[in-house]
Amino acid sequence: MTRLCGWIIRKAKVGKVLIVEICGNNTKPYVLALKEDRDREIYGLVSELDVGTAICFEGELAPEQKSKRGIEYIARKIEVYAKPIEPLPVDISGKVPALLDTRIKYRWLLARNPVEKAIFRIRAGVLKAAREYLEKNGFIEVQTPKIVAAGAEGGATLFKVQYFEREAYLSQSPQLYKQMLISSFERVYEITPYFRAEKFNTTRHLNESWGIDVEQGFISGVEDVLQTAENLVAYIVDYIRTNYKEDLEILGVDLPKITPPFKRLKFTEAVDILRSEGVEVSETDDLSDAAEKKLGEIMAEKKHDLYFIVGFPWSSTGFYYMREEDGVYTRKFDLDYKGLEIASGGQREHRYEKLIEALRDKGLKPEDFDFYLEAFKYGMPPHGGFGMGVERLIMRMLNLENVREAIMFVRDRSRLVP
RNA sequence: GCCGCCGUAGUAUAGCCCGGUUAGUAUGCGGGCCUGUCGAGCCCGUGACCCGGGUUCAAAUCCCGGCGGCGGCGCCA
């Protein structure tokens, strides 16, 4: 006898049989096939219940498994916990499509549907796999502040918050903090939200998103970081492939195995490739989204779903990336998955004097970064790392059309509730 | 910040261009039928034109404003 709980997601009466599907945390629903003469009491009770009712039942696996959608049980006892006050505002069974806006509004409810739930089960699996891989490889999980004094990384626009009598910001990236920790930990990682105040309105941006942020010290070059990034992604994909087969099946996703090493494409090569395809690209700026997308198509033809773009020009990066001797290129890289940037990182400048120089070259005031620079005075080893966008990774793994589908509660240009 | 598209029952849509019947369909919901359905099926019922103003004999339809949504560019991960 097991006790199983969930919500009625579907009820069908066919002839003398009442078929009820109940879905809890599981992928496949529990199915009860009730007959009036056989299960009189339970049949009477359940036939009065609406879709949406929260119930538990005690029972055992049915000897006959006729359902194509779920696992059949013989129920001995039913406990009713809550009935819906009104019919559900969205179709949980997946029969009637809802617009993205409606789906986002009722995501927490829609997740009763195994298809919708699969995305979030897999999301949990992605983070679990990431932790597992990183722990196995000697990374220690850390937490850095989300309320910060300055943006530091430049670029992205920040959300202001009132911090008592001072002005503060929501952290756009743990970048500088995790680097500081390389003065006392060999390897760290953090699973963290990123807050970005840009007013974007695209299928691939969120104002609150999550990242897997990694930083490792004592590296011999950027190659060490590239390997961590590609092995991490490969581990995650493999983990999902083996542990979430049913969820992938329900989503209709064919997630191919990924084998490192990924192609390393030099930034200059990417520029050449794009130009030979007639795409206008600058040699000194980061690639535009359109160029990245086009490059993704070109790489897909060569069977590269995932590839690094390495050696970005100094003119396009943050001050903290290590510059090559030529002073023009850096050890910054992007990791692209089917034409979408899912991670970005590189080797950092760990030499104090060079960092001061870099700040000045970028037109920044070294004194504004005192708290950060301090960390580079007392034996900072060569190090590097990256930040990987969780929603973007999931979006690409599951072929979701909009990044908003990869997160339960969306924070974007117009959404602050739920 | 710029540009484009869209707002019709709980949900998803047709009708809008070219103003004029009872605003159609699917699904949901209520009811009936049905040999365990797999987005079951059949029958009956229920329920909607985002808000404000304007044009007109007449506005879901045309015009203006507002609010809301979707997407692209810029910027950004």
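Residue numbers begin at 1 in each chain, while the letters A, B, ... track the order of the sequences. No experiment lies behind these values; they were computed from the predicted model shown.
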Any strand: nucleotide that pairs with B/C16 via Watson-Crick or wobble, under 3.5 Å:
none
N/O (side chain, A/T203) to phosphate O (OP1/OP2, B/G72) under 4.0 Å
yes
How do A/A12 and A/L206 order along RNA chain B: which one's closest nucleotide is nearer the 5' end?
A/A12
Rounded to whole Å, please give me the gap between CD in A/E64 and P in B/U37.
12 Å
With sequence neighbours excluded, residues passing salt bridge (charged side-chain N to carboxylate O under 4.0 Å, His left out) with A/R131:
A/E141
Under-3.5 Å donor-acceptor pair between A/D289 side chain and B/C76 base:
yes
Qualifying ring pair (Phe, Tyr, Trp, His ring centres under 6.0 Å) pairs with a residue from residues 265-308 of chain A, counting only residues at least two apart or across chains:
A/F262-A/F308, A/F267-A/F312, A/F308-A/F333
Here the gap from A/R415 atom CZ to A/R404 atom CZ, rounded to the nearest 0.5 Å, amounts to 6.0 Å
Taking the six-membered ring for Trp, are A/F369 and A/F319 closer than 6.0 Å centroid to centroid?
yes
When you compare B/C63 with B/U21, how far apart are their C1' atoms, in angstrom units rounded to a whole number?
26 Å
So that I can tick it off, tell me whether A/E283 and A/R275 are bridged by a salt bridge, with the cut-off set at under 4.0 angstrom between side-chain N and carboxylate O.
yes
What residues in residues 21-56 of chain A put a non-hydrogen atom under 4.0 Å from any atom of RNA chain B?
A/A33, A/K35, A/D50
Which of B/G69, B/G1, B/C76 is nearest the side chain of A/K199? It is B/G1
From B/G71, B/G69, B/C75, nucleotide with atom closest to A/D101 side chain
B/G69
Only counting residues at least two apart or in another chain, list the ones meeting salt bridge (charged side-chain N to carboxylate O under 4.0 Å, His left out) with A/D238.
A/K257
Strictly below 4.0 Å, heavy-atom distances to any atom of RNA chain B: list the hits from residues 261-285 of chain A, or just say none.
none
Give one of base, sugar-phosphate or nothing for A/Y194, where a contact means two heavy atoms less than 4.0 Å apart.
nothing
Residues in salt bridge (charged side-chain N to carboxylate O under 4.0 Å, His left out) with A/E186, at least two apart?
none
Does a salt bridge link A/R264 with A/E230, judged by any charged N lying under 4.0 Å from a carboxylate O?
yes
At less than 4.0 Å, is any side-chain N or O atom of A/K13 found next to OP1 or OP2 of B/C34? Yes or no.
no
For RNA chain B, find the residues of residues 397-418 of chain A with a heavy-atom distance under 4.0 Å and give them by number; none if there aren't any.
A/N402, A/R404, A/S414, A/R415
Protein-proximity profile, nucleotides 7-12 of chain B, B/S/- by nucleotide at the 4.0 Å heavy-atom cutoff, equals ---SBS
Among B/U37, B/C76, B/G39, which nucleotide has an atom closest to any side-chain atom of A/R196?
B/C76
Going by salt bridge (charged side-chain N to carboxylate O under 4.0 Å, His left out), name the residues that satisfy it together with A/E324, two or more places apart in sequence or in a different chain.
A/R331
Any ring pair (Phe, Tyr, Trp, His ring centres under 6.0 Å) involving residues 398-418 of chain A? Give me the pairs, sequence neighbours left out, ordered by first then second residue.
none
How far does the P atom of B/G30 sit from the matching atom of B/G47, given to the nearest Å?
15 Å
Looking only at the aromatic ring of each residue, does the gap between the centers of A/Y177 and A/F371 stay below 6.0 angstrom?
yes
With respect to the side chain of A/F200, which nucleotide from B/C38, B/G74, B/C70 is positioned closest?
B/G74
P atom, B/A26 versus B/C42: distance in rounded Å?
9 Å
Using the C1' atom as the point on both nucleotides, what is the distance between B/U27 and B/A48, in whole Å?
15 Å
Disulfide bond (SG atoms under 2.5 Å apart) pairs, two or more places apart, involving residues 86-124 of chain A
none
Heavy-atom check, side chain of A/K294 versus side chain of A/E277, under 4.5 Å
yes
With a non-hydrogen cut-off below 4.0 angstrom, is A/D334 in contact with a base, only sugar-phosphate, or nothing?
nothing
Between A/R121 and A/P114, is there a donor-acceptor pair closer than 3.5 Å when you use the side chain of the first and the backbone of the second?
no
Only pairs at least two apart or in different chains count here, so list each ring pair (Phe, Tyr, Trp, His ring centres under 6.0 Å) that has a residue in residues 11-69 of chain A.
A/Y30-A/F57, A/Y30-A/Y73, A/F57-A/Y73
